[in-house]
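What follows is a short report on a single structure.
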Amino acid sequence: MNSIVLAFLPVLLLFSTTNNNFCSATPRLLALVKPDPIVLKYHNGKLLKGNVTVNLIWYGKFTSPQKSILVDFLQSLSPRRPLAPPSVASWWSTTATYKGGPSNILLGKQVVDEKYSLGKSLKDAHITALASMAGLGPTAVNVVLTSADVAVEDFCMNTCGTHGYTSGKKPDDKYALAWVGNSGKQCPGQCAWPFYKPVVGPQTPPLVAPNGDVGIDGMVINLATVLAGTVTNPFDGGYYQGADSTAGLEAVTACLGIFGSGAFPGYPGKVVVDKTSGASYNAQGANGRRYLLPAMWDPATSTCKTLV
């Protein structure tokens with residue numbers, strides 16, 4: 001996996017095992033000095049383009065409203081009907097400017113494991129095993145979502161979510177995987193900023209989560225991060241900074257803590273605020289949803305692109 005450090009965004013740190021390669025998103029670290037402009041280079045590997053199926057493995061207990069928030073987000077990436085701007089779809093459209101054209105996200109299987117079949121303390125190998133429960137495919141991304149009471153190796157210490165791949169029997173058989181955890185009870189200041197005060201850095205008032213659930217709205221940010229990284233760098237040969245994929249910044253993790261224009265360390269930038277609820281967002285989604293999404297690196301301009 002590629003490693004990424006974000007200002008109040010999950011830092012993606014790579015970890016690998018014999019047969020699996022993962023890129024993880026670590027707790028949001030404060031960048032005290034604004035970094036130099038970043039250029040992500042294409043390393044001539046395969047990207048996930050065309051129709052990409054996202055299969056979900058729900059591990060632990062999620063309420064129906066929590067599931068709906070995350071499913072609506074996924075269905076907002078490549079909607080059948082246009083969404084009012086600024087939209088989740090227009091945010092995702094930046095991935096189409098990477099080599100190979102658009103990645104059309106389709107919601108696939110949903111596997112539910114509410115009985116914690118592998119326990120409540122998971123290792124990297126457990127994530128791979130859980131991801132495999134939905135069946136592996138060359139144009140699919142199997143995403144494991146863990147509930148707030150599940151501990152995952154390195155979660156809250158140096159990861160908020162991961163993406164990577166596992167290999168099949170043949171050398172060229174590679175299957176994309178991802179994991180995102182609910183940090184609401186464990187480390188919201190690390191993995192759900194800007195909806196919760198950060199552990200370090202300026203203690204500015206947190207934003208109001210657009211869907212009223214700090215943990216789940218934080219998961220949306222991290223899910224958006226790992227999905228963008230997955231389609232643009234699924235097998236360590238895509239877009240990232242530097243020669244070493246295990247240490248490079250990717251599509252979203254290259255844009256440290258930026259959610260809107262004018263962002264700087266400790267301040268997420270200009271966002272839209274609902275006058276009634278006070279909730280902050282920058283993207284509209286399916287079924288009337290609103291989300292706060294991180295900036296994404298735009299290869300057309302070599303800048304971090306925001307929606308507002």
Side-chain angles (χ1 to χ4, degrees), residues 6-10 28 30 62-94 105 107 145 148 160-161 180-185 187-198 201-228 252 255-296 304-308:
L6 306 179
F8 293 118
L9 281 178
R28 314 176 192 287
L30 175 62
F62 290 86
T63 65
S64 294
Q66 288 177 329
K67 289 181 179 180
S68 294
I69 293 169
L70 293 168
V71 168
D72 285 346
F73 166 68
L74 291 173
Q75 293 183 324
S76 301
L77 294 169
S78 303
R80 295 181 179 180
R81 298 178 180 178
L83 300 173
S87 69
V88 174
S90 59
W91 175 84
W92 184 250
S93 68
T94 300
I105 299 298
L107 182 62
L145 302 171
C160 297
V180 174
N182 184 343
S183 67
K185 294 181 179 179
C187 56
Q190 294 165 298
C191 295
W193 187 87
F195 304 127
Y196 199 90
K197 286 188 177 182
Q203 298 297 297
T204 54
L207 304 183
V208 177
N211 295 287
D213 190 319
V214 169
I216 298 298
D217 278 303
M219 287 185 78
V220 169
I221 294 172
N222 295 324
L223 181 57
T225 299
V226 297
L227 281 180
V252 172
C255 300
L256 307 179
I258 301 172
F259 292 86
S261 58
F264 56 82
Y267 172 61
K270 177 184 177 182
V271 297
V272 182
V273 178
D274 183 272
K275 294 182 179 179
T276 301
S277 67
S280 296
Y281 66 98
N282 60 9
Q284 300 191 80
N287 297 320
R289 293 285 185 190
R290 291 171 173 176
Y291 298 101
L292 185 68
L293 301 178
M296 189 185 308
C304 289
K305 185 178 180 180
T306 62
L307 288 172
V308 294

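Every heavy atom of this structure was used, including side-chain atoms; hydrogens, water molecules and symmetry mates were not.
- Although no hydrogens or angles enter the test, the distance criterion places no donor-acceptor pair under 3.5 Å between the side chain of T225 and the main chain of V252.
- For the residue pair R289 and S68, the shortest heavy atom distance occurs at NH2-CB, 3.4 Å.
- The closest side-chain heavy-atom distance from T306 to C255 is not below 4.5 Å.
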Tell me, with the steps shown, if W92 and L227 meet side chain to side chain contact (heavy atoms under 4.5 Å, CB included). CA-CA 10 Å; W92 184 250; L227 281 180; 4.2 Å; yes
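- In this structure, L307 and S90 have side chains that are in contact, with non-hydrogen atoms separated by less than 4.5 Å.
- Residue F259 comes nearest to W193 through the heavy atom pair CE1-CZ3, 3.7 Å, listed as atom of the first residue, atom of the second, then distance.
- Side-chain atoms of T204 and Y267, non-hydrogen and from C-beta on, never get closer than 4.5 Å to each other.
- Contact of the Y291 side chain with the I69 side chain is registered, since non-hydrogen atoms from C-beta on lie closer than 4.5 Å.
- For A209 against A279, the heavy-atom pair with the smallest separation is O-CB, 3.9 Å.
- Side-chain atoms of P198 and Q203, non-hydrogen and from C-beta on, do get closer than 4.5 Å to each other.
- Atom NZ in K305 sits 4.0 Å away from atom OG1 in T94 (nearest 0.5 Å).
- Across every non-hydrogen atom of P268 and A263, the tightest pair is O-CB, 3.4 Å.
- Separating the CZ atom in R290 from the CG atom in D274 is a distance of 4.5 Å, to the nearest 0.5 Å.
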Run the side chain to side chain contact (heavy atoms under 4.5 Å, CB included) check on W91 and L77 step by step: do they pass? CA-CA 8 Å; W91 175 84; L77 294 169; 4.1 Å; yes
Verify side chain to side chain contact (heavy atoms under 4.5 Å, CB included) between V220 and V180, making sure each step is shown before the conclusion. CA-CA 9 Å; V220 169; V180 174; over 6 Å; no
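- The heavy-atom pair separating L293 from A283 by the smallest distance is CD1-CB, 3.8 Å.
- Other residues, nucleotides and ligands place no more than 12 heavy atoms under 6.0 Å from the OH atom of Y196.
- Side-chain atoms of N222 come within 3.5 Å of backbone atoms of C191 as a donor-acceptor pair (strictly under, hydrogens ignored).
- Separating the CZ atom in F73 from the CG atom in L107 is a distance of 12.0 Å, to the nearest 0.5 Å.
- Rounded to the nearest 0.5 angstrom, F195 CZ and L207 CG are separated by 6.5 Å.
- Across all non-hydrogen atoms, the minimal contact from I216 to D213 is N-OD1, 3.1 Å.
- Side-chain atoms of N282 do not come within 3.5 Å of backbone N or O of V271 as any donor-acceptor pair.
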Verdict with supporting geometry, L83 and Q284, side chain to side chain contact (heavy atoms under 4.5 Å, CB included): CA-CA 7 Å; L83 300 173; Q284 300 191 80; 5.6 Å; no
